[in-house]
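Read through the structure below, which is laid out as structure tokens, and then see the notes.
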Amino acid sequence: ELRWLVMRETLIHTARSRPLMLWLDDLHRAPADTFQRLARLHRDMTSVPVLLIGTMRNEDVVSDTTARARVELLLDEVGGERMEIEPMDVHETHSLLRETLPLSDRAVSIAAKRAKGNPLFALQLLHAWALRGELKLQAGVYQVPDVALGTPAETTADLWEERVAALQEKLRPAALAASALGGDIRRDVLKQLLTALGLEAKRAINAMRRAQLLLPSGTDRLRWTHTLLLEHLLKQLKLQPDAAVVFREAADALARHPAARSGRITRHRVTNLVRAGDLEQAALVLHSHIERSWQEVRDPSATLRDLSLLDGRLTGLAQARQLRWRSEAQRYSGALAEARHDGELARRMFHEAGDRHSEVKVLRLLGHIASDLGASAQGRRLVLQALSYFERHEDVHGQAQCGALLGEIDYLLGEHARARDELANAADRFLAVGDSLGRAQCLILEGFVEQASSAPHRARELLAVARADLERIGY
């Protein structure tokens with residue numbers, strides 16, 4: 001919600017002096033929450049002049065009914081219009097080519113014929129000729145040898161291959177490896193990856209820039225000349241015999257990214273580990289990230305989206321942890337029946353594997369779900385069982401989580417004195433382990449207790465401290 005408020009105010013402020021245009025390329029590939037935010041932008045910013053343009057390739061959504069439905073629903077929501085962009089005709093293609101370079105009539109004619117109305121393809125043909133040194137300036141007009149004109153690149157994939165072929169053979173694997181780092185590449189991360197693969201990093205990066213595979217973006221980043229190029233190289237990488245090694249090294253290199261703790265980089269690491277077939281490590285990276293982020297900002301939709309990367313892929317303890325975190329996110333979002341189902345499965349799997357500590361964590365979760373479903377007595381009993389285990393094993397964080405939950409249950413049952421003591425003890429334990437979010441939640445619940453006990457000034461003090469804690473961690 002805070003992120004949305006910042007975005008909205010920024011757009012409103014920017015639009016005071018001029019209208020805005022938002023261009024979203026390949027909109028059909030966006031996740032569901034992007035469409036929700038765009039619809040909300042339309043509803044909440046009716047006084048702001050915004051032109052929203054989204055592009056979509058029809059051939060990409062022929063078999064993807066979900067993506068097509070999202071686009072159609074957004075069009076209905078905003079009252080938008082669909083425009084079909086037809087391929088350019090021969091005359092328009094000729095005009096585009098002549099405005100780009102003073103080409104000979106024969107070269108223009110052949111390039112236009114091969115492009116088949118695709119402007120990107122037409123321009124890439126010119127780039128391919130230039131990269132191979134086949135453009136010869138004669139009397140102010142660029143001529144292309146008949147040999148080059150007679151060997152067409154039939155698809156854009158052929159054009160990308162021609163660019164890669166401009167690299168020395170021993171440097172070509174660098175282009176494939178770089179594709180495993182995505183569209184926004186940090187130079188230091190790319191150097192780390194290429195060095196780990198035994199390639200000359202500096203030389204390879206300079207060669208990829210000269211071949212117009214990569215372009216500089218600021219002082220420390222590189223980007224691909226086109227998304228289609230990235231897609232092509234990534235597809236080719238998956239066909240290589242050493243693909244698993246490259247994807248695993250890419251995941252390791254991304255671990256050294258300055259934003260390695262962010263959801264974006266974590267998802268990229270997990271995706272690369274899945275491509276490498278290293279599902280156990282992928283699960284470890286993802287579940288560790290979720291556990292860490294769950295103490296900072298509890299976003300159930302983001303958690304479920306992250307978990308979907310590994311849905312249906314895991315077995316054993318990794319699958320049990322997957323179900324545990326799915327249950328946590330579902331409970332938080334209000335899907336209590338699904339949360340209880342997944343939680344019970346996770347508890348049984350942990351029990352069968354002999355992982356008592358993880359089983360007790362799920363026991364505490366099932367107590368929370370039971371309380372949310374109205375079975376407060378059952379929920380309290382389960383939480384007390386978990387608390388007893390955590391006390392025996394001196395797990396302070398586990399004790400704090402159970403204490404906070406007992407305080408919430410007792411508050412709902414009207415046991416205010418007991419709730420006040422439980423929440424105060426839990427807040428101290430959260431403070432001891434550095435869990436600011438947990439402490440703030442205890443203070444909020446304590447504030448509810450004080451308000452219900454006719455102590456509004458004390459409630460206000462507690463809520464002010466909680467707010468300060470939440471603002472400090474950006475919640």
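Note that the numbering runs from 1 along the sequence shown for the chain.
The shortest distance between side-chain heavy atoms of Arg40 and Met45 does not fall below 4.5 Å. For the pair Val465/Arg439, a side-chain contact is recorded, criterion being any heavy-atom separation below 4.5 Å from C-beta on. Counting only heavy atoms from C-beta outward, the side chains of Leu41 and Leu52 never approach each other to under 4.5 Å. Residues Val189 and Leu254 are in side-chain contact: their nearest non-hydrogen atoms beyond the backbone lie under 4.5 Å apart. Between Asn206 and Lys202, some side-chain heavy-atom pair lies under the 4.5 Å cut-off. The shortest side-chain heavy-atom distance between Leu437 and Phe430 does not fall under the 4.5 Å cut-off. In this structure the side chain of Leu22 reaches within 4.5 angstrom of the side chain of Val50, judged on heavy atoms. Between Arg70 and His28 there is no side-chain heavy-atom pair separated by less than 4.5 Å.
Ion pair Glu328/Arg324 flagged as a salt bridge, since at least one NZ, NE, NH1 or NH2 atom sits closer than 4.0 Å to an Asp/Glu carboxylate oxygen. Ion pairing of Arg326 with Glu338 is absent here, as no side-chain N (NZ or NE/NH1/NH2) approaches a carboxylate O to less than 4.0 Å. Salt bridge Arg348/Glu359: absent, no basic N to carboxylate O contact under 4.0 Å. Remark: Arg472 engages Asp469 in a salt bridge, criterion side-chain N to carboxylate O under 4.0 Å.
For NE2 of His42, the number of neighbouring non-hydrogen atoms (other residues, nucleotides, ligands) closer than 6.0 Å is greater than 12. The neighbour count for Arg292 CZ, taken as heavy atoms of other residues, nucleotides or ligands under 6.0 Å away, is above 12. Other residues, nucleotides and ligands contribute at most 12 non-hydrogen atoms within 6.0 Å of the CD atom of Glu394.
Without hydrogens or angle criteria, Ser308 side chain to Arg305 main chain gives a donor-acceptor distance under 3.5 Å. Side chain of His393 to backbone of Tyr389: a donor-acceptor contact under 3.5 angstrom is found. Using a distance-only test at 3.5 Å, with no hydrogens or angles considered, no donor-acceptor pair links the side chain of Arg264 to the main chain of Ala260. For Ser333 (side chain) and Gln330 (main-chain N/O), a donor-acceptor pair under 3.5 Å exists by modelled atom type. With hydrogens and angles disregarded, a donor-acceptor distance shorter than 3.5 Å links the side chain of Ser262 to the backbone of Ala259. Put simply, the side chain of Ser293 gets close to the backbone of Ile290: a donor and an acceptor are under 3.5 Å apart. Judged by distance alone, with hydrogens and angles left aside, the side-chain atoms of Gln322 form a donor-acceptor pair with the main-chain N or O of Leu307 at under 3.5 Å. Between the Ser288 side chain and the Val285 main chain, no donor and acceptor come within less than 3.5 Å of each other. Side chain of Ser327 to backbone of Leu323: no donor-acceptor contact under 3.5 angstrom is found. Checked by atom type and distance alone, the side chain of Ser371 never pairs as donor or acceptor with a backbone atom of Gly379 at under 3.5 Å.
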* **Stepwise salt bridge (Lys or Arg N to Asp or Glu O under 4.0 Å) test for Arg340 and Glu344** => CA-CA 6 Å; Arg340 181 170 60 182; Glu344 291 287 1; over 6 Å; no
* Stepwise, does the side-chain hydrogen bond (donor to acceptor under 3.5 Å, both in side chains) test hold for Arg275 with Thr271? -> CA-CA 6 Å; Arg275 289 166 175 162; Thr271 299; 5.9 Å; no
* To do: Quick one: do Phe35 and Glu77 satisfy side chain to side chain contact (heavy atoms under 4.5 Å, CB included)? Show the steps, please.
  => CA-CA 10 Å; Phe35 291 89; Glu77 172 76 23; over 6 Å; no
* **Evaluation steps, side-chain hydrogen bond (donor to acceptor under 3.5 Å, both in side chains), between Gln385 and Arg364** => CA-CA 8 Å; Gln385 291 178 33; Arg364 186 266 311 157; over 6 Å; no
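We find the CD-CG distance between Glu422 and Leu387 to be 9.0 Å, quoted to the nearest 0.5 Å. Separating the CD1 atom in Ile185 from the OG atom in Ser217 is a distance of 10.5 Å, to the nearest 0.5 Å. Here Leu96 contributes atom CG and Leu126 contributes atom CG; the two are 8.0 Å apart, rounded to the nearest 0.5 Å. Of the inter-residue distances, the one linking Leu443 atom CG with Ser436 atom OG reads 10.5 Å to the nearest 0.5 angstrom. Note that the CG atom of Leu215 and the CG atom of Leu222 stand 8.5 Å from one another [nearest 0.5 Å]. A distance of 10.0 Å separates OG1 in Thr303 from OH in Tyr332, rounded to the nearest 0.5 Å.
Minimum heavy-atom separation, Ala250 to Leu193: N-CD1, 3.6 Å. Considering all non-hydrogen atoms of both residues, Ala404 and Leu423 come closest at O-CD2, 3.7 Å. When all heavy atoms of Leu445 and Glu408 are compared, the closest pair comes out as CD1-CB, 3.9 Å. Between His268 and Ala180, the closest heavy-atom pair is NE2-O, 2.9 Å. Nearest heavy-atom pair across Ser179 and Leu230 is O-CD1, 3.5 Å. The heavy-atom pair separating Trp224 from Gly182 by the smallest distance is NE1-O, 2.9 Å.
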What side-chain donor-acceptor pairs closer than 3.5 Å can you find for residues 276-284, not counting sequence neighbours?
{"from": "Asp278", "atom 1": "OD1", "to": "Gln281", "atom 2": "N", "distance (Å)": "3.4"}

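If you look at His397 and Phe390, their ring centroids are not closer than 6.0 Å.
The closest side-chain donor-acceptor pair between His257 and Asp188, if any, does not fall under 3.5 angstrom.
Sequence neighbours left out, the pairs with a member in residues 215-234 that pass salt bridge (Lys or Arg N to Asp or Glu O under 4.0 Å) are Arg29-Glu231, Arg57-Glu231, Asp184-Arg221, Arg186-Asp220. Under the side-chain hydrogen bond (donor to acceptor under 3.5 Å, both in side chains) criterion, no residue pair touches residues 237-252, with sequence neighbours excluded.
When each of Asp306, Val270, Ile265 is paired with His289, the side-chain contact (heavy atoms from CB on, under 4.5 Å) condition holds for Asp306 and for no other.
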